[in-house]
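Note that these values count all heavy atoms, side chains included, but never hydrogens, waters or copies made by symmetry.
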Amino acid sequence: MNMNLALLLLFMVFYKGSSTSGLNPTNVTARPDVVNVGAIFTFDSVIGKIAKLAITLAVEDVNSNPEILNGTKLALKMQNTKSSDFLGIIEALQFMENDTVAIIGPQFSATAHVISHIADELQVPLLSFAATDPTLSPNQFPFLVRTTRSDLFEMAAVADLVGYYEWRDVIAIFVNDDFGRNAIAALGDKLSEKRCKISYKVPLSPKATKDEIRKALISVSSMESRIVILHIYTSWGLQVLTEAQSQMMMSSPYVWIATDWFSTIIDSDPSLPFTATDNIQGVLTLKMYTPESELKKKFKLRWSNLTSARRVNGSSFGLNTYGLYAYDSVWLLAHALDSFFSRGGNISFANDSNLRELRVGKLNLDALNMFNGGSQLLQSILEVNTTGLTGQIKFNPDGNLINPAFEVINVIGTGTRTIGYWSNSSGLSLDPPDKSQRKLHFNGSSTDTQRLYSVIWPGQTTQKPRGWVFPDNGRKLRIGVPNRVSYREFVGVKGTEFTGYCIDVFQAALNELPYGVPFKFIAFGDGKKNPENNELLHRIQIGEFDGVVGDITITTSRTKVVDFTQPYVESGLVVVAPIRKLNSSAWAFLRPFTPMMWGVTGIFFLVVGAVVWLLERRTNEDFRGSPRKQFVTIIWFSFSTMFFSQKEKTGSTLGRFVLIIWLFVVLILNSSYIASLTSILTVEQLSSPVKGIESLATGKDRIGFLKNSFAENYLTDELNIHKSRLVPLNSPEEYEKALKDGPNAGGVAAVIDERAYMELFLSVRCGYSIVGQEFTKMGWGFAFPRDSPLAIDMSTAVLKLSEKGDLQKIHDKWLMKSACSAEGAKQAVDRLPMSSFWGLFLLSGTACFLALVLHVLHMAHQYCKHYDSDCESSQVKRLRSFVSFVNKREEEVKSRTKRRRTEKASNKVVHDQDCSCIDGLDESV
């Protein structure tokens with residue numbers, strides 16, 4: 001119903017007689033003795049009969065407590081809507097005529113949608129303890145205060161349950177009104193957040209008959225999903241489960257998740273699990289969580305005493321959570337009224353000016369009064385912060401009660417068992433929400449988050465149901481198979497016979513499943529050319545195929561339209577090019593090093609020899625002699641270090657330092673040379689002008705690829721190779737011809753394709769080989785529709801085949817050929833380059849340079865110390881003298897220094913004697 005309908009119904013109301021209460025404002029300035037409060041719900045419903053007693057008890061408790069309202073009493077008047085939205089509207093209008101300040105109710109969401117418009121206009125707050133429709137928001141209906149939990153949170157709990165058990169699709173059976181439709185819409189949103197969905201919706205009439213229920217369940221049984229979400233009314237909810245039992249749907253592999261309507265029935269009639277054992281076994285249900293407290297325990301005891309005499313057909317009159325919320329709603333209103341009066345609020349009513357303008361015929365619209373203090377009372381209601389039977393009563397800024405939480409209950413045997421809890425803050429947990437909150441507060445995290453106790457499912461099994469079956473409609477799965485013209489070892493189609501490696505792997509994986517899968521292969525393609533795999537996958541998307549088996553590569557773009565299994569073939573792109581055999585020659589010993597490497601090595605031999613000569617020639621007789629002898633010594637010493645056979649001894653510290661570094665370098669060079677030469681002489685060498693994808697990408701030669709494969713897009717988009725260089729080829733025969741012709745004769749320099757194809761191509765063609773490294777990492781998988789549960793099970797099956805070795809056996813059956821393979825050959829790209837040894841040469845060169853610098857500094861110091869007179873001469877003389885000093889042996893320098901010291905000492909003695917003689921003559925004179 002919408003607002004227009006509500007106004008239409010309002011206009012249809014006739015108030016007979018004259019009423020003066022609506023002609024003049026009613027004003028009460030002080031705390032009144034009595035405040036009129038209304039209640040609207042269905043008395044004989046499962047929720048209503050409990051709520052009626054709970055509300056009555058609450059009013060009695062409030063009126064008997066003088067502290068809560070300071071002497072003011074609540075005058076309660078209850079109206080029975082008899083499950084009729086129309087009667088609910090009429091009764092609400094009657095309350096508006098009698099100066100009612102607030103209404104407890106309504107019970108049904110559909111009624112709340114209509115009455116809320118009236119309450120908003122006349123500013124009378126509605127406190128609904130049972131209207132759970134998530135679309136009843138304060139933004140749209142500000143005077144509707146929900147004093148229970150919104151279905152938005154319950155559907156979030158249901159979605160978490162589905163995600164926890166890793167189900168993907170569910171079926172929703174719901175009542176076809178505001179209560180059902182809006183809750184299921186919220187469920188769909190919450191499921192989509194977990195990549196789950198409602199695959200089938202079954203709306204039922206609010207007054208569904210047994211025949212309608214039976215037809216709905218028959219349609220459900222033909223669906224693939226076996227997870228059923230039941231969101232219906234308590235009045236006929238059990239009929240659905242009874243009919244499901246008669247349809248053999250209360251056994252494995254079905255899963256039934258009932259919303260809180262079911263737990264409400266169980267609480268209201270505790271004997272139910274004994275009387276309907278077979279019909280409800282294994283059902284999961286949610287129940288609004290209310291923490292245990294002394295207040296709650298005392299009320300339960302009081303309730304039990306009051307209702308012990310009330311028996312309906314021998315069943316007890318139990319207390320459900322809606323009764324607790326109804327009781328708390330009265331206390332919530334009482335606290336709000338007390339705050340309202342404390343702030344100076346007064347109860348006054350006046351005519352609505354909008355209604356006064358609508359005086360038409362005999363409609364007595366003036367009788368409907370607007371509560372002048374309605375907005376202030378509403379604000380007081382939303383500001384209440386107290387504790388009731390249901391726990392803390394406080395509203396968040398969105399107008400919902402804080403801390404929404406639910407119990408997760410499993411019906412087992414003749415009773416129920418709580419297997420966990422759900423809260424908006426911690427999700428699924430083994431601990432009650434209040435305990436989880438304390439853990440979260442003190443520890444920063446909850447260790448029990450997203451855990452539940454074990455469940456006994458329908459059929460008395462503890463094994464988690466997989467949640468789906470193949471539809472029971474006689475239709476087999478339609479599996480598309482590419483009708484290839486090449487590489488039939490992978491997929492071969494001949495009439496109605498399907499063979500090949502991919503086919504055998506698929507059938508072996510199916511045999512690993514714990515259930516049977518009816519299927520049939522359907523060929524795709526005309527058999528004259530290879531079909532396009534993207535088009536084949538598109539057939540899954542449009543529903544023509546239920547799966548695809550073949551050489552389908554898993555790519556990012558394809559995973560956006562279908563789901564793939566675990567890869568059963570690892571296959572990336574490789575480069576195949578013509579090769580030629582390198583025959584051994586007389587100069588094969590030069591091949592381990594590149595020309596640059598040979599040149600640098602020879603230069604360093606000479607440099608190291610020269611450096612050692614310079615360091616040793618002044619102190620070591622082995623490095624002295626005629627210029628010719630010294631030159632031969634340098635050459636001989638340099639190259640003899642290659643074999644560690646140098647006969648010249650090094651005596652200086654710097655010379656030994658340079659030599660030990662160089663010998664280490666020579667050791668590495670010798671080892672590397674011997675290893676490379678051994679490989680060259682013992683392993684067959686192959687040569688190709690193409691060295692890999694890098695040389696192809698930077699060159700200008702034409703490149704072949706398999707037509708309609710993803711390789712074309714990869715080469716153009718990722719490697720920026722121009723399309724004009726790409727040549728589409730259709731078969732291995734075309735590969736061979738194009739490679740044989742070469743780029744200069746209209747062929748190609750190389751072919752790029754997946755390794756799986758190329759290994760099969762090379763197994764019978766010895767003139768070609770894979771060059772370079774595999775430059776993509778991809779694989780083949782079986783494709784299924786998005787979110788298909790079969791894809792998950794098949795992935796597990798493929799892994800089992802791999803672990804048992806069956807995949808390798810199937811591979812050997814179809815793909816092992818003994819003609820030739822390039823795996824045993826080695827391409828001539830392994831010559832040792834300069835870049836592999838520059839560090840060693842840098843080390844040796846640095847040692848030589850440091851040794852020379854230290855040696856020159858040492859000689860300069862010696863020169864200045866022992867040749868003082870030369871140091872004072874001109875630069876030319878000093879340079880000549882220094883060169884002459886360098887050429888001298890160390891012993892000559894030391895002997896000359898010693899001789900000069902002796903001469904200086906003797907000259908000093910002679911000088912002293914001459915001076916003493918002169919002094920004697922002077923004295924005699």
Report task. For a salt bridge (charged side-chain N to carboxylate O under 4.0 Å, His left out) with Asp546, tell me which candidate from Arg478, Lys476, Arg539, Lys520 qualifies. Result -> Arg478
Query - Pair Asp563-Ser788, side chain to side chain donor-acceptor pair (under 3.5 Å): steps then yes or no - result: CA-CA 7 Å; Asp563 277 355; Ser788 170; over 6 Å; no
Query raised in the report: Just by modelled atom types, is the Leu799 backbone N or O under 3.5 Å from a matching donor or acceptor in the Ser802 side chain?
Result: no
Report task. Check step by step if side chain to side chain donor-acceptor pair (under 3.5 Å) holds for Glu243 and Ser246. Result -> CA-CA 5 Å; Glu243 187 61 32; Ser246 65; 3.3 Å; yes
Query raised in the report: So does Glu193 have more than 12 non-hydrogen atoms from other groups sitting under 6.0 Å from CD?
Result: yes
Query raised in the report: How far apart are the closest heavy atoms of Ala216 and Val202, and which atoms are they?
Result: CB-CG1, 3.4 Å
Report task. Look only at the side chain of Arg725 and the backbone of Ile721, and say whether a donor-acceptor pair between them is shorter than 3.5 Å. Result -> no
Query raised in the report: Is there a donor-acceptor contact under 3.5 Å from the side chain of Ser731 to the main chain of Ser486?
Result: no
**Report entry** Minimum heavy-atom distance between Ser199 and Asp169, given as atom pair plus value
**Finding:** OG-CB, 3.8 Å
**Report entry** Test side-chain contact (heavy atoms from CB on, under 4.5 Å) applied to Asp526 - qualifying residues, sequence neighbours left out
**Finding:** Lys528, Lys529
Query raised in the report: Between Ser426 and Ser423, does a side chain to side chain donor-acceptor pair (under 3.5 Å) hold up when you go through it step by step?
Result: CA-CA 6 Å; Ser426 59; Ser423 69; 2.6 Å; yes
Report task. Give the intermediate values and the outcome of ring pair (Phe, Tyr, Trp, His ring centres under 6.0 Å) for residues Trp780 and Phe490. Result -> CA-CA 11 Å; Trp780 295 355; Phe490 292 108; 4.9 Å; yes
Query - Shortest non-hydrogen contact between Tyr233 and Pro206, atoms and distance - result: CD1-O, 4.0 Å
**Report entry** Student check: side-chain heavy atoms of Leu191 and Val170 closer than 4.5 Å
**Finding:** yes
Query - Neighbour count above 12 (heavy atom, 6.0 Å) for Glu535 CD - result: yes
Query raised in the report: Ser109 and Asp133: side-chain donor and acceptor closer than 3.5 Å?
Result: no
Query raised in the report: Can you tell me if NZ on Lys210 sees more than 12 non-hydrogen neighbours from other groups inside 6.0 Å?
Result: no
Query raised in the report: Between Tyr501 and Tyr568, what is the ring plane arrangement, given parallel below 30°, perpendicular above 60°, and tilted in between?
Result: tilted
Requested in this report: Grab the two heavy atoms, one from Pro253 and one from Val469, that are nearest each other, plus how far apart they are.
Outcome: CG-CG1, 3.6 Å
